[in-house]
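Report on the structure given below.
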Amino acid sequence: MIPLSQPTIDEQEEKVVLDVLRSGRLSLGPYLTRFEEEFAKLIGVTHAVGVNSGTSGLHLCVKSLGIGRGDEVITSPFSFIASANCILYEGAKPVFVDIEEETFNIDPKLVGEAVTDDTKAILPVHVFGQCCDMGQIMGIAEKKGFKVIEDACESIGSTHKGGKAGSFGDASVFAFYPNKQMTTGEGGMIVTDDDDVARLCKSYSNQGRATDMQWLNHERIGYNYRMGEINAAIGCAQLDKLDHLLERRKKIAKLYSEGLEDVSGLILPKIKKGNDHTWFVYPLRVEDGIGRDKMISKLADKGVSSKAYFFPAIHLQPFYMKEFGYNEGDFPVAEKVSKSTFILPLFAGLDEDSIGKVIKAVIECLREVSD
Ligand SMILES: *Cc1c(COP(=O)(O)O)cnc(C)c1O
């Protein structure tokens with residue numbers, strides 16, 4: 001079976017992990033400092049704070065920007081659930097806005113309609129790695145005085161009109177779960193140019209400790225969201241090969257698009273002008289009348305993993321329907337995309353032979369389900 005994703009781990013990661021184990025310093029050591037410094041440089045920001053997941057990073061951004069009870073944050077219903085849950089953690093309310101069919105990203109033209117007196121921030125998600133229209137989003141935010149938190153968890157290395165994903169907002173978050181473009185096992189990284197946000201995120205991630213980080217001096221209620229030294233060491237090794245990892249993903253996406261471009265019944269992913277895209281996943285859509293789920297099960301029969309993504313959309317997850325009264329039909333574009341999209345295997349180690357097999361299987365399965 002060709003898997004959907006697989007991390008690229010070699011002797012480099014083994015070497016640094018062994019180095020950590022032998023050093024006896026398993027937390028708050030030199031690899032964390034190095035990973036944060038190199039990461040900040042990569043994105044071109046002044047601060048990076050390592051945390052134990054993308055989700056905890058998002059939570060700390062919401063908290064550090066002072067968003068809380070009674071506040072509203074405008075975000076996308078077509079995302080991984082963490083981008084909305086992080087708003088709920090602080091008692092604020094996620095307000096969804098429908099997406100653009102072309103990019104799957106929040107539609108900036110609809111943001112204005114969702115604004116109320118309680119709106120405090122916009123939380124755009126660069127879905128599947130393609131950047132949102134950050135020019136328009138930052139324009140709205142600046143005009144209205146809203147904060148912007150970029151969920152860049154799927155978009156390391158992607159750019160929009162030359163600007164890097166994660167470099168536009170007040171604070172942004174990357175994630176390193178094993179299916180992402182680069183991994184630390186579990187882990188996340190907050191990036192920001194704001195000294196106060198960086199200081200608060202660092203403190204909150206480390207039990208609310210004061211800046212001097214005296215072990216039993218807790219200035220505020222914090223969390224244990226620290227990134228461990230082993231994870232940070234893996235992160236350093238992955239950063240060293242990031243260019244290769246991203247180039248390989250772009251190449252595979254290109255081969256998929258070339259191999260499937262004239263196949264009727266499929267809608268291929270589009271890259272908007274001005275965007276450079278590092279492909280967290282390769283999303284394909286089936287046209288109306290073709291069963292997406294049938295495609296997935298037929299692909300599995302031929303040894304190819306695929307998955308409905310993101311399905312269901314966040315507003316149709318049980319908790320959100322119950323708590324906020326959302327229903328089918330509330331965000332028609334997100335629902336249409338969510339019902340017709342599935343992802344193909346995509347990871348740096350996927351070889352040419354497997355890519356050919358996947359393309360062939362998609363074409364055959366499509367013929368079978370269309371008959
Ligand atoms: C992966 C991801 C996250 C965070 O995931 P963690 O598993 O907590 O690291 C957040 N938002 C999006 C859109 C993601 O894809």
Side-chain angles (χ1 to χ4, degrees), residues 4-5 7 35 39 48-63 73-90 94 96-97 99 103-106 121-132 134 137 148-158 165-166 168-169 171-191 201 204-205 223-228 230-232 234-235 238 245 249 269 277-283 307-315 317 320 334 337-338 341 343 346-347:
L4 272 179
S5 74
F35 187 33
F39 205 91
V49 178
V51 285
N52 60 1
S53 74
T55 306
S56 15
L58 287 166
H59 176 199
L60 294 190
C61 289
V62 170
K63 192 173 181 82
V73 179
I74 294 172
T75 191
S76 172
F78 187 72
S79 172
F80 181 61
I81 195 150
S83 62
N85 281 352
C86 66
I87 300 163
L88 295 177
Y89 296 158
E90 286 303 306
F96 297 121
V97 162
I99 60 170
T103 61
F104 309 154
N105 284 330
I106 189 167
I122 309 175
L123 196 158
V125 182
H126 306 308
V127 171
F128 301 156
Q130 175 158 216
C131 285
C132 297
M134 291 311 291
I137 290 169
V148 173
I149 300 168
E150 282 174 75
D151 181 338
C153 290
E154 302 183 353
S155 62
I156 186 167
S158 295
F168 299 94
S172 309
V173 179
F174 293 86
F176 310 121
Y177 186 75
N179 68 345
K180 311 279 178 181
Q181 287 95 324
M182 64 168 274
T183 187
T184 59
E186 295 281 0
M189 189 70 83
I190 300 162
V191 298
C201 285
Y204 283 131
S205 72
Y223 307 85
N224 181 354
Y225 283 174
R226 292 186 301 263
M227 172 178 277
I230 292 173
N231 307 84
I234 298 172
Q238 292 266 297
L245 296 178
R249 293 183 96 93
H277 185 347
T278 63
W279 302 95
F280 165 54
V281 295
Y282 186 86
K307 201 185 197 108
Y309 230 74
F310 294 107
F311 181 81
I314 298 178
H315 67 287
Q317 298 284 353
Y320 283 82
V337 168
S338 172
T341 304
I343 59 167
L346 180 65
F347 50 94

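Start at 1 with the first residue, then count along the sequence. Each ligand, and each atom within it, is numbered from 1 in the order the structure gives.
- When the ring pair (Phe, Tyr, Trp, His ring centres under 6.0 Å) test is applied to Y223, the partners found at least two apart in sequence or on another chain are H59, Y225.
- Applying the side chain to side chain donor-acceptor pair (under 3.5 Å) criterion to Y320, with sequence neighbours excluded, gives N85.
- The environment of Y177 atom OH is sparse: at most 12 non-hydrogen atoms of other residues, nucleotides or ligands sit within 6.0 angstrom.
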Extract all N/O-N/O pairs under 3.5 Å that connect ligand 1 to the protein, and present each with both atom names and the distance rounded to 0.1 Å.
{"unit_1": "ligand 1", "atom_1": "8 (O)", "unit_2": "G54", "atom_2": "N", "d": "3.4"}
{"unit_1": "ligand 1", "atom_1": "8 (O)", "unit_2": "T55", "atom_2": "N", "d": "2.9"}
{"unit_1": "ligand 1", "atom_1": "8 (O)", "unit_2": "T55", "atom_2": "OG1", "d": "2.4"}
{"unit_1": "ligand 1", "atom_1": "9 (O)", "unit_2": "G54", "atom_2": "N", "d": "2.8"}
{"unit_1": "ligand 1", "atom_1": "11 (N)", "unit_2": "D151", "atom_2": "OD1", "d": "3.4"}
{"unit_1": "ligand 1", "atom_1": "11 (N)", "unit_2": "D151", "atom_2": "OD2", "d": "2.7"}
{"unit_1": "ligand 1", "atom_1": "15 (O)", "unit_2": "E154", "atom_2": "OE2", "d": "2.5"}
{"unit_1": "ligand 1", "atom_1": "15 (O)", "unit_2": "K180", "atom_2": "NZ", "d": "2.7"}

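- A side chain to side chain contact (heavy atoms under 4.5 Å, CB included) with I106 is found for one member of V125, L123, I137 and no other, namely I137.
- Minimum heavy-atom separation, S76 to S79: O-CB, 4.2 Å.
- In this view, Y282 and Y256, W279 satisfy the ring pair (Phe, Tyr, Trp, His ring centres under 6.0 Å) rule, not counting sequence neighbours.
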